[in-house]
Amino acid sequence: MEIEENAALIVVDVQKGFESGAWGRRDNPEAEGNMAALIDRWQETGRPVVFVRHDSSVAGSPLAPGSGGNAFKDFVEERRGRGAGPEVLVTKTVNSAFYGEPDLDAWLKGAAGGRRGQIVIVGIQTNMCNETTARMGGNLGYDVLFPLDAMHTFDLAGPFGWTLTAEELTRATAVSLHGGRFARVVTTEDVLKGTVS
């Protein structure tokens, strides 16, 4: 797999509020290490990086602006501004990073010379903001890569007394995105190998 020179890494909602315990049990303890490896590679190679922050409008949310949980996790914050390539902070109040400020689609087209290119999505949560951003990216014409081991989610209760574990939700997201051709579900290793010049 070849990663384009101007492929953008979109780092979604890697915020301290997700460590609050409010969401319950999570999957993939290796997620943060894989996210860090991808951020490092993108910054080393001068590729564009998008840091996305969820500014929740829900009262009492651990991700509310002004709360400690709104801040990026330390391993992300310490990497911001250190790359050789373009970087932007997008803030949002909904699931999709394409409905944030500044306009992500416009920024990406600027970083890619006016065309829609390749994006790589990592972060939190797999089946929520990551999946929504991937679906929109696919609909907008981006080549979306979704390294499943560079993200995580939480167990979730739904209608009719149904519940799914984080692992089950992750598999469902992977099948829906890949099988529905919204994105190519890959691994961190796949992506890192594709950035070697």
Side-chain angles (χ1 to χ4, degrees), residues 1-16 18-19 27-54 70-92 96-98 100-126 129-131 133-134 136-138 140-153 170 174 177-178 183-197:
M1 171 189 317
E2 185 176 346
I3 306 300
E4 296 174 2
E5 288 185 12
N6 57 6
L9 180 68
I10 303 178
V11 183
V12 180
D13 301 350
V14 186
Q15 293 166 254
K16 293 181 177 181
F18 284 114
E19 298 173 338
D27 66 348
N28 192 16
E30 290 79 34
E32 284 81 357
N34 289 329
M35 291 179 216
L38 288 167
I39 295 169
D40 289 345
R41 180 64 58 83
W42 249 251
Q43 292 182 327
E44 289 163 4
T45 59
R47 289 177 167 89
V49 181
V50 179
F51 292 100
V52 181
R53 188 184 70 218
H54 191 84
N70 183 257
F72 288 118
K73 292 187 182 188
D74 292 343
F75 81 93
V76 170
E77 186 58 40
E78 68 191 17
R79 285 170 167 80
R80 289 184 60 217
R82 297 182 60 189
E87 179 182 310
V88 69
L89 169 65
V90 172
T91 60
K92 63 181 181 61
S96 177
F98 285 98
E101 294 291 333
D103 182 284
L104 178 58
D105 183 46
W107 190 87
L108 290 171
K109 285 191 290 188
R115 66 181 184 86
R116 291 192 173 105
Q118 198 173 59
I119 59 175
V120 179
I121 297 172
V122 303
I124 309 170
Q125 300 180 51
T126 308
C129 297
N130 292 5
E131 181 174 349
T133 300
M136 282 200 67
L140 288 168
Y142 290 94
D143 176 21
V144 182
L145 300 178
F146 203 78
L148 202 62
D149 56 352
M151 55 188 74
H152 74 79
T153 192
T170 294
L177 290 179
H178 198 91
R184 289 186 281 160
V185 177
V186 296
T187 67
T188 296
E189 184 179 3
D190 292 333
V191 176
L192 290 173
K193 284 181 179 177
T195 61
V196 176
S197 51

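Positions are given from 1, in the same order as the sequence printed here. Hydrogens, waters and symmetry mates play no part in the numbers below; they use all other heavy atoms, side chains included.
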Engineer: Is there a side-chain contact between N70 and Q15 in this structure, where contact means two heavy atoms from C-beta onward sitting under 4.5 Å apart?
Structural biologist: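 Answer yes - side chains close enough.
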Engineer: Please report the interatomic distance CG(D40) to OG1(T45), rounded to the nearest 0.5 Å.
Structural biologist: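 That separation rounds to 10.5 Å.
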Engineer: Should L108 and R116 count as side-chain neighbours, where that means a heavy-atom distance under 4.5 Å?
Structural biologist: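 The answer is no; the side chains never approach within 4.5 Å.
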Engineer: Before you tell me yes or no, could you show the steps for L89 and F72 under side-chain contact (heavy atoms from CB on, under 4.5 Å), namely the whole-Å CA-CA distance, both residues' side-chain angles and the distance that decides it to 0.1 Å?
Structural biologist: CA-CA 11 Å; L89 169 65; F72 288 118; 3.8 Å; yes
Engineer: Where do W107 and P86 come nearest, in terms of heavy atoms and distance?
Structural biologist: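 Answer, listing the atom of W107 first, then P86: CZ2-CB, 3.9 Å.
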Engineer: Tell me if the CD atom of E5 is crowded by more than 12 foreign heavy atoms within 6.0 Å.
Structural biologist: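 It does not: E5 CD has 12 such atoms or fewer within range.
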Engineer: Short question: side chain of D143, backbone of G117 - any donor-acceptor pair under 3.5 Å?
Structural biologist: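 Pair absent, no side-chain N/O of D143 close to backbone of G117.
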Engineer: Taking all heavy atoms of W42 and all of V49, pick out the closest pair and write down the distance.
Structural biologist: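 In terms of heavy atoms, the two residues are closest at CB-CG2, 3.8 Å.
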Engineer: Atom NE2 of H152 and atom CG of D149: how far apart are they, to the nearest 0.5 Å?
Structural biologist: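 CG of D149 is found 13.0 Å from NE2 of H152.
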Engineer: Please report the interatomic distance OG1(T126) to CD(E131), rounded to the nearest 0.5 Å.
Structural biologist: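 If we round to the nearest 0.5 Å, T126:OG1 and E131:CD are 9.0 Å apart.
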Engineer: Indicate the atoms forming the closest heavy-atom contact of P147 with I121, along with that distance.
Structural biologist: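 Nearest heavy atoms, P147 then I121: CD-O, 3.3 Å.
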Engineer: Answer yes or no: is there a side-chain heavy-atom contact under 4.5 Å between V52 and K92?
Structural biologist: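 Side chain of V52 against side chain of K92, heavy atoms only: contact under 4.5 Å found.
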Engineer: With the side chain counted from C-beta on, respond yes when V90 and F98 share a heavy-atom pair under 4.5 Å apart, and no when they do not.
Structural biologist: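 No, every pair of side-chain atoms sits at 4.5 Å or beyond.
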Engineer: Can a salt bridge be assigned to the pair E77 and R80 using a cut-off of 4.0 Å between side-chain N and carboxylate O?
Structural biologist: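 Looking at E77 and R80, the cut-off is met.
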Engineer: Could you give me the CA-CA distance, side-chain angles and deciding distance for V14 and F51, then say whether side-chain contact (heavy atoms from CB on, under 4.5 Å) is met?
Structural biologist: CA-CA 9 Å; V14 186; F51 292 100; over 6 Å; no
Engineer: For K73 and I124, run side-chain contact (heavy atoms from CB on, under 4.5 Å): C-alpha distance rounded to whole Å, both residues' side-chain angles, the deciding distance at 0.1 Å, then the answer.
Structural biologist: CA-CA 11 Å; K73 292 187 182 188; I124 309 170; 4.1 Å; yes
Engineer: Heavy-atom distance under 4.5 Å between the side chains of R47 and L9, does that happen here?
Structural biologist: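 When only atoms from C-beta onward are counted, L9 and R47 do not touch, as no gap falls below 4.5 Å.
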Engineer: Check A174 against V185 and note the closest heavy-atom contact, atom names and distance.
Structural biologist: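 Residues A174 and V185, closest heavy atoms: O-CG2, 3.6 Å.
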Engineer: Taking all heavy atoms of I3 and all of V191, pick out the closest pair and write down the distance.
Structural biologist: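 In terms of heavy atoms, the two residues are closest at CG1-O, 3.6 Å.
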Engineer: Nearest 0.5 Å, what's the CG-CE distance between N130 and M151?
Structural biologist: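 Reported to 0.5 Å precision, the distance equals 4.5 Å.
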Engineer: To the nearest 0.5 Å, what is the distance between CG (L145) and CG (L38)?
Structural biologist: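 Rounded to the nearest 0.5 Å, the CG-CG separation comes out at 10.5 Å.
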Engineer: Taking all heavy atoms of R82 and all of Q43, pick out the closest pair and write down the distance.
Structural biologist: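 It is N-NE2, 3.9 Å.
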Engineer: Does any non-hydrogen side-chain atom of F146 lie less than 4.5 Å from one of H178?
Structural biologist: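 Contact flag for H178/F146 side chains = no.
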Engineer: Determine whether E32 and V76 make a side-chain contact, defined as any pair of heavy atoms from C-beta on separated by less than 4.5 Å.
Structural biologist: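 Contact flag for E32/V76 side chains = no.
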Engineer: Is there side-chain contact between N34 and V122, with at least one heavy-atom pair below 4.5 Å?
Structural biologist: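 No, side chains not in contact.
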Engineer: Using the rule given for side-chain contact (heavy atoms from CB on, under 4.5 Å), can you reason through Q118 versus R184, listing the C-alpha separation, both sets of side-chain angles and the distance that settles it, and then say yes or no?
Structural biologist: CA-CA 11 Å; Q118 198 173 59; R184 289 186 281 160; 3.6 Å; yes
Engineer: What distance separates I39 CD1 from E78 CD, expressed to the nearest 0.5 Å?
Structural biologist: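 Reported value, rounded in 0.5 Å steps: 9.5 Å.
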